[in-house]
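First comes the structure, then the notes that go with it.
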Amino acid sequence: MFTGIIETLGTVKALNREQDNLHITINSSLANELKIDQSVSHNGICLTVVNIGDEEYTVTAIKETIEKTNIGDLKENDIVNIERAMKLGDRLDGHIVQGHVDEIAECIEAKETNGSWLYTFKYNKDSINLTIEKGSITVNGVSLTVVNSKKNEFSVAIIPYTFEHTNFKTFSKGSIVNLEFDVIGKYVSKLNAVRN
């Protein structure tokens, strides 16, 4: 479990394919604090640490993860959002995040709004997932509040701190991001789908 509060940024140093798997080596200030088998969120994707080196570590994504997220689009030197799993007893500053990406979305607008930024995302029109106005959403692992909730579209407002300390600063129109919908919203949307 995660909170959607990004601890640090990492840089992709190497990408190696092995059959259907993708091994991703990340340079990060957290590398020396990690352990083998530890779960770490990368752009909202929960991945297991399989190797640790000097200021670098490696995680592996399987075929399903590659197909359902934007991880297959990563390139060397890309910046990723990193968060370690939360500890019991810590404050839950974001919201409950599982690290299980529901689907991807496309950024259809990114604009500065007098000191902050507004990003609008569009996702699959046939999706049963939904956002709720002022509800929670996770975009590339970042816990955010939904504004302008519409059918398969929503916006988020980004404060300067979040802009500087996450990979939102790299987003532009056309960027593909990972979405994890709020667990309560997921439950409601699946209940509605069953009823219909």
Residues in side chain to side chain contact (heavy atoms under 4.5 Å, CB included) contact with [X], at least two apart in sequence or another chain:
{"X": "Ile79", "result": "Leu9, Asn167, Thr170"}
{"X": "Asn77", "result": "Thr11, Lys13"}
{"X": "Lys173", "result": "none"}
{"X": "Ala85", "result": "Phe2"}

Sequence-distant partners of Glu153, salt bridge (charged side-chain N to carboxylate O under 4.0 Å, His left out), two or more places apart:
Lys122, Lys150
Lys111 meets the salt bridge (charged side-chain N to carboxylate O under 4.0 Å, His left out) criterion, sequence neighbours left out, with none
Evaluate Asn70 against Asn178 for side-chain hydrogen bond (donor to acceptor under 3.5 Å, both in side chains), listing each step before the verdict.
CA-CA 6 Å; Asn70 67 3; Asn178 296 317; 2.8 Å; yes
If Ile, Leu, Val, Met, Phe, Trp and Tyr residues are connected whenever their side-chain heavy atoms lie under 4.5 Å apart, and connections chain through other members, are Leu22 and Ile82 in the same group?
yes
Rounded to the nearest 0.5 Å, what separation is found between the [atom1] atom of [X] and the [atom2] atom of [Y]?
{"X": "Leu144", "Y": "Ser136", "atom1": "CG", "atom2": "OG", "value": "9.0 Å"}
{"X": "Ile137", "Y": "Leu130", "atom1": "CD1", "atom2": "CG", "value": "9.5 Å"}
{"X": "Thr3", "Y": "Arg84", "atom1": "OG1", "atom2": "CZ", "value": "11.5 Å"}

Are a donor atom and an acceptor atom from the side chains of Glu55 and Ser28 found within less than 3.5 Å of each other?
no
Verify the distance criterion only: is there a donor paired with an acceptor across the side chains of Thr58 and His23 at less than 3.5 Å?
no
Kindly assign one of parallel, tilted or perpendicular to the pair Tyr161 and His165, based on the angle between their ring planes and the thresholds 30° and 60°.
parallel
In terms of the angle between their ring planes, are Phe171 and Phe121 parallel, tilted or perpendicular, with boundaries placed at 30° and 60°?
perpendicular
Mind checking whether Tyr123 and Phe181 have ring centres under 6.0 Å apart?
yes
Within a 6.0 Å radius of atom CD on Glu112, are there more than 12 heavy atoms belonging to other residues, nucleotides or ligands?
yes
